[in-house]
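Working notes, structure below.
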Amino acid sequence: MSNFFQNFIDPAFWYSVLRVSTPLLFAVMAALVSSISGSINIGIEGMMLMAAFWGNVIGAFMKNPWIGLLAGVASAIAMSLLLAFSHLKLRVNLVIAGVALNLFASGFTVFMLFALTGEKGTSASLGSQPIPRLDIPFLRDIPFLGKVLNNHNALTYLALISIFLVDYLIRKTPLGMRMRAVGENPDAATSVGVSMLRVKYLSLLLSGVFAGFAGSFLSMGYVSWFARDMTSGRGFIAIAAQALGGNSAILGALGALLFGIAEATGFTLQSLRIPSEITNMIPFILTLIVLIVYARTRVRSHSRIQEI
Amino acid sequence: MKRSLALLEIVRMTLTILIALLIGYIFLLFSTKDVGEAFKWFLYGPLSNQRRFVEFLNNSVPLIMTGLALSLVFQAKVFNIGAEGCLFFGGFGAMLVALKFPQVSFLHLVVTLFSAALFGAAWAFVPAVLKAKWKASELVSSLMMNYIAYLLVLFLVNNYFRDKAAGALVSYRFPQTAWLATLTRYRLNSGFFIALSVAVLIGFILYFTKYGYQIRVVGANKKFGFYTGINVVLTTFWVQLLAGALAGLAGGIELTAMYRRFVWQSLPGYGFDGIIVAILARNNPFLVIPSALFIAYLRVGANIMSRMTGLAPEVVIVIQSVMILLVTAEALLERFKKRIVEREAMKGE
């Protein structure tokens with residue numbers, strides 16, 4: 001048991017927290033930018049899965065992880081446009097459209113994986129092109145923190161940066177203001193000349209971009225292959241984490257880190273011979289607890305998660 | 001007017017199915033040279049011999065049940081899509097009783113199926129109570145419960161009920177007293193008749209009883225329901241429990257009739273297919289039967305295609321998701337609907 005507690009002062013533990021939090025950080029940003037303009041994006045899970053698939057496959061074929069990343073993000077954007085079109089133009093219920101999108105991604109990726117590799121489990125046979133890790137000289141020399149922060153995947157740093165970018169976007173820029181206005185009260189926003197449709201399209205598209213990074217990281221950083229349904233609920237966990245942070249990117253990111261800590265703790269427990277089925281349950285149970293805590297303590301919030 | 005609207009609905013459905021199949025065709029086009037052969041097996045496979053036809057009927061059994069479960073919650077406008085987890089946990093409940101309960105003929109089977117429904121309802125209890133007490137999103141919580149059910153049941157079955165003599169990761173074999181009969185030599189699941197009667201029963205409850213009326217009012221207009229004195233919170237609570245019981249029973253029937261062991265090592269997906277079954281049926285329990293048969297037909301067709309040509313059957317999931325989008329697209333063919341309504345209104349003047 002002392003092993004278990006020592007673990008928390010070990011920099012390797014916090015390094016792994018950052019690593020497992022990366023996809024969640026991106027996904028929380030994806031959930032946030034859509035939720036802030038009034039649409040809950042259930043399809044993040046599917047967008048991530050699609051990006052994970054195309055990122056890995058195109059990266060392997062082109063022998064270049066960056067082209068893979070580009071393809072991954074592009075595929076997630078395509079999915080987000082499909083979602084936006086179905087919801088805003090064809091007027092499909094947003095939740096149902098998101099569920100359909102997730103189903104689509106799950107079937108499509110397995111179908112294509114089988115067509116390309118003849119396997120249904122993973123794309124390991126394609127060879128892999130992981131996105132490189134960055135060794136940053138001045139970070140390396142800081143004691144403790146250096147071991148936590150240095151030598152991460154390039155996307156991990158991008159995830160950390162994007163927290164502040166999103167924070168700036170929604171609090172300081174005109175676009176962010178419009179997004180919030182449309183989310184708070186679409187009629188009022190329309191009456192002062194904000195195009196609700198354009199803002200909603202834009203924020204879903206942006207949501208797709210972040211989901212694309214999240215998915216690409218999974219197959220080109222977290223591990224270096226694609227596995228069927230490899231997102232395993234992270235898109236939904238992110239929706240809960242975002243709800244925890246309300247409309248704040250910083251608080252949402254802290255929520256993502258909380259889930260990262262839970263996941264990393266799970267790994268530690270596994271090394272103490274606790275069955276993986278049990279430790280893998282931790283993030284999902286935490287999500288339930290977060291939902292309850294959030295629902296109990298909220299005074300009066302505008303979060304979308306309550307309305308569905 | 002009702003007639004022309006119904007006609008329009010049929011046109012819409014046909015159009016949807018055709019577009020979805022076309023997209024499936026295009027997918028196959030990219031992955032095989034002989035797309036005609038593959039598509040032939042896909043569309044005609046389930047009818048090609050008796051064994052496959054029975055396979056198709058058997059496949060519809062869990063789909064009818066989960067389709068009913070989702071129709072119920074969708075009728076009340078509750079987005080609880082935890083049927084998958086309830087089915088899995090219900091299957092576990094059935095296994096528990098099948099292996100541990102004394103082997104009294106008939107009674108054993110009844111208790112086994114009852115336990116499946118009970119476990120399913122118990123699993124649905126969590127999202128339902130979170131929703132009722134704290135208004136926590138049932139969508140997210142029911143999804144989490146799916147993952148938890150999967151991990152928990154796998155842990156319990158593989159560690160405490162695993163039959164080490166069997167070649168695969170499966171539970172001990174159920175004793176014969178807990179078997180649900182299969183008919184004819186092609187093993188038609190007698191649960192098919194249970195599913196049909198449950199569908200009629202749920203349809204009756206929904207359209208001909210006070211409780212059903214309450215569910216529909218809550219779904220149509222929550223505020224109206226509240227002001228007419230319906231306990232909205234309690235109604236949505238019970239409807240989720242009932243749906244969970246149906247999904248759990250689906251798991252119990254599937255295991256006691258088709259496998260006679262706990263065999264699932266991954267989520268079987270019936271709960272998610274139930275979504276499209278309910279949506280195609282417009283959440284009408286009576287229409288769930290043809291709708292489930294249709295989806296089962298596609299699924300079995302895809303499996304047969306896969307066996308005959310080596311293509312991945314997952315193309316059927318793509319087709320289903322396209323159908324979900326198109327069937328629920330309110331704007332699709334809306335202009336025609338408007339025209340019919342307008343013409344009718346003019347006639348009245």
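Each chain gets a letter, A, B and so on, in the order its sequence line appears, and its residues count up from 1. All values below come from the heavy atoms of this structure, side chains included, with hydrogens, waters and symmetry mates left out.
Between B:V318 and A:F104, the closest heavy-atom pair is CG1-CE1, 3.4 Å. The nearest pair of heavy atoms linking B:S137 to A:L291 is O-CD1, 4.1 Å. Between A:F114 and B:G310 the shortest heavy-atom distance is CE2-O, 2.9 Å.
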task: Apply the test side chain to side chain contact (heavy atoms under 4.5 Å, CB included) to residues A:I96 and B:I324: give CA-CA distance (whole Å), side-chain angles for both, the deciding distance (0.1 Å), then the verdict.
output: CA-CA 8 Å; A:I96 290 177; B:I324 296 182; 3.5 Å; yes

- prompt: Yes or no on side chain to side chain contact (heavy atoms under 4.5 Å, CB included) for B:L28 and A:F111, after CA distance, side-chain angles and deciding distance?
  reply: CA-CA 10 Å; B:L28 291 178; A:F111 180 79; 4.1 Å; yes

field: Stepwise side chain to side chain contact (heavy atoms under 4.5 Å, CB included) test for A:N93 and B:F79
entry: CA-CA 11 Å; A:N93 178 309; B:F79 284 108; 3.5 Å; yes

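A tilted orientation is assigned to the rings of A:F236 and B:Y147, their planes being inclined by 30° to 60°.
Annotation: side chain of B:M145 is in contact with side chain of A:L288 (closest heavy-atom distance under 4.5 Å).
Applying the 6.0 Å contact sphere to CZ of B:R307 captures more than 12 heavy atoms from other residues, nucleotides or ligands.
Residue A:N280 holds its CG atom at 9.5 Å from OH of B:Y150, rounded to the nearest 0.5 Å. The CD atom of B:E314 lies 9.5 Å from the CG atom of A:L113; values are rounded to the nearest 0.5 Å. In this structure, the separation between CZ on B:F272 and CG on A:N102 is 9.0 Å, given to the nearest 0.5 Å.
Of the two parts of A:I285, the backbone and the side chain both hold a non-hydrogen atom closer than 4.5 Å to a non-hydrogen atom of chain B. In this structure, the portion of A:A115 lying under 4.5 Å from any heavy atom of chain B is its side chain and not its backbone. For A:I237, the parts sitting under 4.5 Å from any heavy atom of chain B are the backbone and the side chain alike. With a threshold of 4.5 angstrom between heavy atoms, A:F284 approaches chain B through its backbone and through its side chain.
Between chain A and the options B:L143, B:I148, B:I275, the largest number of non-hydrogen pairs under 4.5 Å is found for B:I148.
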